[in-house]
Amino acid sequence: MKSNCYDNRELSWLKFNKRVLQLAGNKNIPLCERMSFAGIFESNLDEFYRVRVGSLYDQTFLKKMKKDNKTGMTAKEQLSYIFAETKTLQKVKDKIYKNLMNEVKNEGVQIITFQDISKEDCRYLEKYYKRSIKPLLSPQVIGKKSPFPFLSNQQIYAVAVLQTKNTEKLCIVPCSNGVFERLISIPSDKQKYMLVEELILHFMSDIFEKYTIKSKSLIRIIRNADIDIDEDFYDNGGSYRESMETLLKVRKKLCPVKMDYYRPMDEKVIKSLCRELDLKKEQVFYSESPLELSFLYKLKDGLRSKKELFYSRMIPKVPRDINENTSMIQRIEQGDMLLQYPYESIYPFMKLLEEAVYDSRVVSIKITLYRVAKNSRIVETLIEAAENGKEVVVMIELRARFDEKNNLEWSRRMEEAGCRIVYGIDFVKVHSKICLITYSEDGVVKHISQIGTGNYNEHTAKIYTDLSLITADNEIAQEVAMTFNKICMGQFVENTKHLLVAPKSMQDKVLEMIDTEIIKVQKGKTGYIGLKMNSLTDKKIIDKLIEASKAGVKIDMVVRGICCLIAGVKGETENITVRSIVGRFLEHSRIYIFGERDDERIYISSADFMTRNMLRRIEVAVPIYDNKIKGRIWEMFHKLLNDNVNALEMKADGSYEKVVCHGEEVNSQQ
């Protein structure tokens, strides 16, 4: 295969986050929603550095450095590109932030500095600082008896160079402690705010009154979070849950991988900080905008009365045949149901679970949980079912990165209520979205299965696009039950007739279905593949898709995020189109289509075509057999292909261009 058909995973992700940032600067989007996209861009980048850059950083210490299997880039080469691209994106973000704040100011809300306010407001802020901020500060002058402190991940610190007659010293002041507010309102105008770090920085001369402040700035570091359960944790003699708690403590102390600073900083100070934090100069980034943008969400709250600054409200629909008097079990027995979030409500699934709690026929509920809401009604219902005497088996994945703490708390509560808790299989995450309700009627055991593309999370069901199939098909239920049983026994599903189940029976079957489309073309027929997912990185599947393209199979892909296959390369991938749709809702559903209408196989799945999903996770894809539902999924997929509002199309050089709107606008999410 030619290298110009491949893109590097990390570089492709940066292109995705650039597309998110572009939404923050898109004036066709309401102002407050653009503020959200700016915040999302930043939080995405933070997580990228914590996980992906952290992993690459670790690889640089290996004796034999691994190379990317698609582009041949070493970890050092990838890091150099990432650092350079981050600087470029930072400049774009600063410009967008400045424009956003100008627009916010026109709406009467303003983030101010001491240059913008009256003497009276200055006096108020000084009193506020001395009363509410200064007593809570923990300043430190670095010296022999006061070594460089531990800097917490993603926290803001004020740093200054202090000068006396004979020497210069570095000092550090934490600007957040969980007590004082980030935004301080100004009495003369409640819609004007000062950031607390700006206030602390202003009064550094008061904090260090015996020194002259030579220079001062703000910094924020990002620490590596690329750590997972391994043999060391398993061998510590404690429970799996205790091991996870240990992991969370260790993660907080991993090495820094990035430092941002706000306001110009002396090169000597940067070198000193780099030495203390073990960072290279290329890992340090200058920002003209605040170092953390979560305060934008509070600014938005102050503008709620101006509806034109937000997306218009959309209320998820409930299917017409579902109401308070509907028995969900009876409804599913009559035929399969497909729910499309967030356009349709999660209510029917919730109703099914709640019905199972009190239906005397129901024997058991089994479910896999990956990311759940903080105040999860779904988990509360499972607890209620256990307390009501039902057998409730919950496979909860504690290794859902950055949701571990939430999952730990829920696992304790469910266990206390009598749920049977399973934590999955060693070294393999359980990422499938499956639920099985078993009941007995006239001596016959029956099942309702639910298989989805998204988490059992009432919050994300309102902002992520996902698909959820609920079916009474007995053969599918048997395979769902087998999947649960294998997980409970620490084993993998090897063979299935209906479901695709990773890590043993998904990748090979996907490759076989691509081969089937190639054979069709070789026989003079039409071959077609339609794919929708978050990411495409698996080289085996990428190579097979390239082979299919060269054979003449038409391939349409909607890949929101990472895509390591470059479309449109002459003689290689010219029969492949790749689109990315980034908009109001996060495109999260996975759809696999093989063949055309009369000879098609359609699946919805929890799995992206990533190596980790194919080989290191429990994932489930379910076939769609109901013709009406097949038609709905075709319609959804083709709306995405015709989108000319949110869509960007990949070019043969791997870049993305906005799809030009000719004629009527098609917004697939609207």
Side-chain angles (χ1 to χ4, degrees), residues 101 104-105 108-143 145-165 167-221 260-266 269 272-273 287-299 301-302:
M101 289 302 99
V104 168
K105 184 178 178 181
V109 177
Q110 189 179 358
I111 298 292
I112 57 156
T113 65
F114 276 90
Q115 296 174 340
D116 306 316
I117 56 176
S118 65
K119 290 181 180 179
E120 184 180 343
D121 285 335
C122 280
R123 285 193 291 271
Y124 166 80
L125 286 170
E126 184 174 5
K127 288 179 183 177
Y128 180 88
Y129 156 77
K130 289 182 176 178
R131 182 184 69 250
S132 302
I133 302 295
K134 188 176 181 180
L136 299 170
L137 295 178
S138 302
Q140 183 173 345
V141 178
I142 311 304
K145 293 186 177 181
S146 184
F148 194 87
F150 176 83
L151 304 186
S152 297
N153 178 60
Q154 294 174 285
Q155 298 301 310
I156 297 172
Y157 295 85
V159 296
V161 176
L162 309 177
Q163 190 171 38
T164 61
K165 290 181 180 179
T167 186
E168 289 182 359
K169 291 186 177 182
L170 185 68
C171 71
I172 294 181
V173 183
C175 292
S176 56
N177 62 3
V179 179
F180 41 70
E181 292 288 331
R182 177 89 185 280
L183 286 177
I184 303 164
S185 61
I186 308 302
S188 61
D189 187 342
K190 294 294 184 181
Q191 290 288 72
K192 287 185 178 180
Y193 302 92
M194 179 172 285
L195 293 168
V196 70
E197 63 264 29
E198 187 76 32
L199 184 66
I200 293 170
L201 198 66
H202 180 79
F203 285 107
M204 289 289 270
S205 57
D206 175 77
I207 300 169
F208 302 100
E209 55 188 352
K210 293 184 179 180
Y211 296 90
T212 299
I213 306 293
K214 185 179 178 183
S215 66
K216 56 186 178 180
S217 183
L218 297 167
I219 65 169
R220 178 174 180 262
I221 66 164
D260 296 295
Y261 68 98
Y262 174 65
R263 291 199 180 185
M265 188 185 291
D266 189 281
V269 179
S272 177
L273 289 169
S287 175
E288 293 182 356
S289 50
L291 298 181
E292 200 269 342
L293 299 181
S294 63
F295 67 89
L296 292 178
Y297 295 98
K298 186 169 181 181
L299 291 188
D301 289 341

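All residue numbers in this chain count up from 1 along the given sequence.
- T164 pairs by the side chain to side chain contact (heavy atoms under 4.5 Å, CB included) definition with T167, Y211, not counting sequence neighbours.
- Interatomic distance, L199 CG to F180 CZ, rounded to the nearest 0.5 Å: 9.5 Å.
- Sorted by first then second residue, the side-chain hydrogen bond (donor to acceptor under 3.5 Å, both in side chains) pairs that include residues 183-197, not counting sequence neighbours, are D121-S188, R182-E197.
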Problem set entry | Candidate pair L125 and H202, rule side-chain contact (heavy atoms from CB on, under 4.5 Å), full reasoning | CA-CA 10 Å; L125 286 170; H202 180 79; over 6 Å; no
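- For the atom pair CG of L291 and OG of S217, the computed distance is 7.5 Å after rounding to the nearest 0.5 Å.
- Taking the side chain as every heavy atom from C-beta outward, R123 and K119 approach each other to under 4.5 Å.
- With sequence neighbours excluded, the residues forming a salt bridge (Lys or Arg N to Asp or Glu O under 4.0 Å) with E181 are K298, listed by chain and number.
- In this structure, CD1 in I219 is found 5.5 Å from CD1 in I172, a value given to the nearest 0.5 Å.
- Atom CG of L162 and atom CD1 of I213 lie 5.0 Å apart (nearest 0.5 Å).
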Under 3.5 Å, which donor-acceptor pairs do the side chains of residues 127-137 form with other protein atoms, sequence neighbours left out?
residue	atom	partner	partner atom	Å
Y129	OH	D206	OD2	2.8
K130	NZ	E126	OE2	3.4
K134	NZ	D206	OD2	2.9

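- Between L218 and C175, the shortest heavy-atom distance links the atoms CD2-SG, 4.2 Å.
- For the atom pair I207 CD1 and F203 CZ, the distance stands at 9.5 Å (nearest 0.5 Å).
- Qualifying side chain to side chain contact (heavy atoms under 4.5 Å, CB included) partners for Y297, counting only residues two or more places apart in sequence or in other chains: S36, I40, K300.
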Name each donor-acceptor pair under 3.5 Å that joins a side chain in residues 108-117 to protein atoms two or more places apart or in another chain, with its distance.
residue	atom	partner	partner atom	Å
T113	OG1	Q115	N	3.4
T113	OG1	D116	OD2	3.2
D116	OD2	T113	N	2.9

For this session: Starting from the C-alpha separation in whole Å, work towards a yes-or-no answer on side-chain contact (heavy atoms from CB on, under 4.5 Å) for V173 and L201.
Result: CA-CA 9 Å; V173 183; L201 198 66; over 6 Å; no
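- Here the side chains of N153 and I221 are not in contact, with every heavy-atom distance at 4.5 Å or above.
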For this session: Tell me, with the steps shown, if I156 and V196 meet side-chain contact (heavy atoms from CB on, under 4.5 Å).
Result: CA-CA 10 Å; I156 297 172; V196 70; over 6 Å; no
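- Looking only at side-chain heavy atoms (C-beta outward), M204 and C171 come within less than 4.5 Å of each other.
- Taking every heavy atom of both residues into account, S138 and P174 meet most closely at O-CD, 3.3 Å.
- With sequence neighbours excluded, the residues satisfying side chain to side chain donor-acceptor pair (under 3.5 Å) with Q140 are S146.
- Residues satisfying the side chain to side chain contact (heavy atoms under 4.5 Å, CB included) criterion with E168, sequence neighbours excluded, are V161, Q163, K214.
- Residues satisfying the side chain to side chain donor-acceptor pair (under 3.5 Å) criterion with Q154, sequence neighbours excluded, are D46.
- Partners of S215 under the side chain to side chain donor-acceptor pair (under 3.5 Å) rule, at least two apart in sequence or in another chain, do not exist in this structure.
- For the atom pair CG (L296) and OG (S289), the distance works out to 9.5 Å, reported to the nearest 0.5 Å.
- Among residues two or more places apart in sequence or in another chain, the side chain to side chain donor-acceptor pair (under 3.5 Å) test is passed with S294 by E292.
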